[in-house]
Amino acid sequence: MVNRMIQPLSVITFLLTCNYFYTESAVTTESIHFLNPDDTFKNDKPGLQIFCHSAKTKYIIHTWKSLAMHLNTSIDHYDLYDGKSPQEVIEKHEDNQRSWRFNLLSTRKSHKFKINPFEDSCIGIHVYPSILHKYTMSLTETRIDVSQLTLTMLGIVIYWSARKLSGNPLFYYLCGITLGITTSTIILVYVTSKFLLRGKVMYLMIAFGWTMSFYLFEMIWENAQLIALQYREWVMWYILLVSFISFAICYWLGPVKNARTIKLIEWFLQIAGLIAMYYSSYFREVSFFCCIVNVLLYNFPVVILRKGRNYWKNMFPERRALLTEDQYRKEGIRETKKALNELKEYCTSPECNPWKTVLRLKDPIRFARFMEGDSHLSDDELREHDIEITTIIEECEYTDDEDDF
């Protein structure tokens, strides 16, 4: 009797094991799709489908590059899983099927998933068997994501303007009003939850733990959005009232005047700017390098600029343009006139001792004539110069004639 019962149980166990491995092998082979930018996959089958993107090589020109998977469907009941590999997605799906677990992505019902282009990423979609289960999944690429670039520029502006913003009264009032609206909203939600968490709801929260709490929070958030849309006027009046109360409190306390408090606000803003710069790009190495350069330029601007300019000149020296013969002659005439004028200015200035200068000269009379406006060259020197120039020209013409023969 016992043996007869064991045999059917062993057969059932064997069939379940075979079915499990068959299902896993089917998922890993037929239901895994690797998408490239601008690819679109249409699915009309129920079950788990996994869409992956392989990591690409990092280049500096791809600093603000981003990828996004778009799910186009009208289905309401489906589960979403994310992971670094298909195996991770399959494990999450199997864990969810074995026991009731809360899937974070399934509550959001998002149709757009931003992924890191430099890491392996997978998105799993599980559709339950139903009459309609058609959907399309596409992958789009943005070479320069405007939102990431804007976040980088915003981080730079916040970091460099932290000192001015920390002592600016307008910034003080804006932060106070924002903090007042946020705090009042949190208090309102907390008070509302105190009225809700009673009776059976309280027992359910204790029984199901944080998963049910997060689920109810998501429901409250969706209802809050719906309320904000349907009762726009009440929401607007609430924001205006809280803003006025926050402004009155800030005006009563007055702007911050303590030097240490202002310094702490400045450091907080600078840290916030660095965090914005770091997370503005999926290329973490480049974003971290930008943060380091930004800090060095802010704290040591003169030294960094000087060393950077010297390094640039050593690596890429400027090419000196050679002068033509006519340019060389004009340059000589111009520099000679400039030097002679500087000599006259020095000799007429109080810094020059005329008697010591006269003792050093071989021909003081000629120098005196030069100071009075005569030429610095004598007639004999001009004659010798003309003869030398004529000789050079004749030699050049003679050499040119020989080259022609």
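Side chain to side chain, S280 and T152 meet the donor-acceptor criterion of an N or O pair below 3.5 Å.
Side-chain contact between L139 and I115 is present, with heavy atoms from C-beta onward closer than 4.5 Å. Counting only heavy atoms from C-beta outward, the side chains of K65 and Y282 never approach each other to under 4.5 Å. Between K42 and N72 the shortest side-chain heavy-atom distance does not fall below 4.5 Å. By the 4.5 Å heavy-atom criterion applied to side chains, L264 and F268 are not counted as neighbours. Side-chain contact between Q49 and S31: present, with at least one pair of heavy atoms (C-beta onward) separated by less than 4.5 Å. Proximity of F113 to D82: side-chain heavy atoms (C-beta onward) are nowhere separated by under 4.5 Å. A heavy-atom distance below 4.5 Å is found between the side chains of T73 and H111. No side-chain heavy atom of I181 sits under 4.5 Å from any side-chain heavy atom of Y238.
Residues S138 and T40 come closest through the heavy atom pair CB-OG1, 3.6 Å.
Using a 30° and 60° split on the angle between ring planes, F288 and Y278 fall in the perpendicular class, above 60°. The aromatic rings of Y298 and W160 lie perpendicular to each other, with more than 60° between the two planes, well past the 30° mark. Using cut-offs of 30° and 60° for the angle between ring planes, the Y59 and H62 rings count as perpendicular. Using cut-offs of 30° and 60° for the angle between ring planes, the H93 and Y81 rings count as perpendicular.
The closest donor-acceptor contact from the side chain of S166 to the backbone of I265 lies at 3.5 Å or more, if one exists at all.
Checked against side-chain hydrogen bond (donor to acceptor under 3.5 Å, both in side chains), S147 has the following partners two or more places apart in sequence or in another chain: D145. C290 pairs by the disulfide bond (SG atoms under 2.5 Å apart) definition with nothing, not counting sequence neighbours.
One distance of note links OG of S246 with CG of L174; it measures 11.5 Å at 0.5 Å rounding. Rounding to the nearest 0.5 Å places CD of E119 at 12.5 Å from OG of S54. With values rounded to the nearest 0.5 angstrom, Y78 atom OH is found 14.0 Å from H126 atom NE2. With rounding to the nearest 0.5 angstrom, the CZ atom of F118 is 10.0 Å from the NE2 atom of H53. Here the CD-CD1 distance, from E266 to I271, works out to 11.0 Å after rounding to the nearest 0.5 Å. Separating the OG1 atom in T63 from the NZ atom in K58 is a distance of 10.5 Å, to the nearest 0.5 Å.
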The test is side-chain contact (heavy atoms from CB on, under 4.5 Å); show your working for L151 and W64 and say whether it passes. CA-CA 10 Å; L151 187 60; W64 293 286; over 6 Å; no
side-chain contact (heavy atoms from CB on, under 4.5 Å) between I125 and L80: does it pass, once the steps are laid out? CA-CA 5 Å; I125 302 175; L80 296 176; 3.6 Å; yes
What verdict does the side-chain contact (heavy atoms from CB on, under 4.5 Å) test give for S349 and Y346, after you've listed the backbone C-alpha separation in whole Å, the side-chain angles of each residue and the deciding distance to 0.1 Å? CA-CA 5 Å; S349 65; Y346 174 75; 4.2 Å; yes
Determine, step by step, whether L274 and V295 satisfy the side-chain contact (heavy atoms from CB on, under 4.5 Å) criterion, reporting the C-alpha distance in whole Å, the side-chain angles of both residues, the deciding distance to 0.1 Å, and the verdict. CA-CA 9 Å; L274 292 177; V295 172; 4.0 Å; yes
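The environment of CE in M236 is crowded: more than 12 heavy-atom neighbours from other residues, nucleotides or ligands sit within 6.0 Å. Atom NZ of K344 sits in a crowded spot, with more than 12 heavy atoms from other residues, nucleotides or ligands closer than 6.0 Å. Residue I60 places its CD1 atom among 12 or fewer non-hydrogen atoms of other residues, nucleotides or ligands, all under 6.0 Å distant.
A disulfide bridge connects C52 to C122: their SG atoms sit within less than 2.5 Å of one another.
Between R329 and D326 there is a salt bridge, since at least one side-chain N of the basic residue sits less than 4.0 Å from a carboxylate O of the acidic one.
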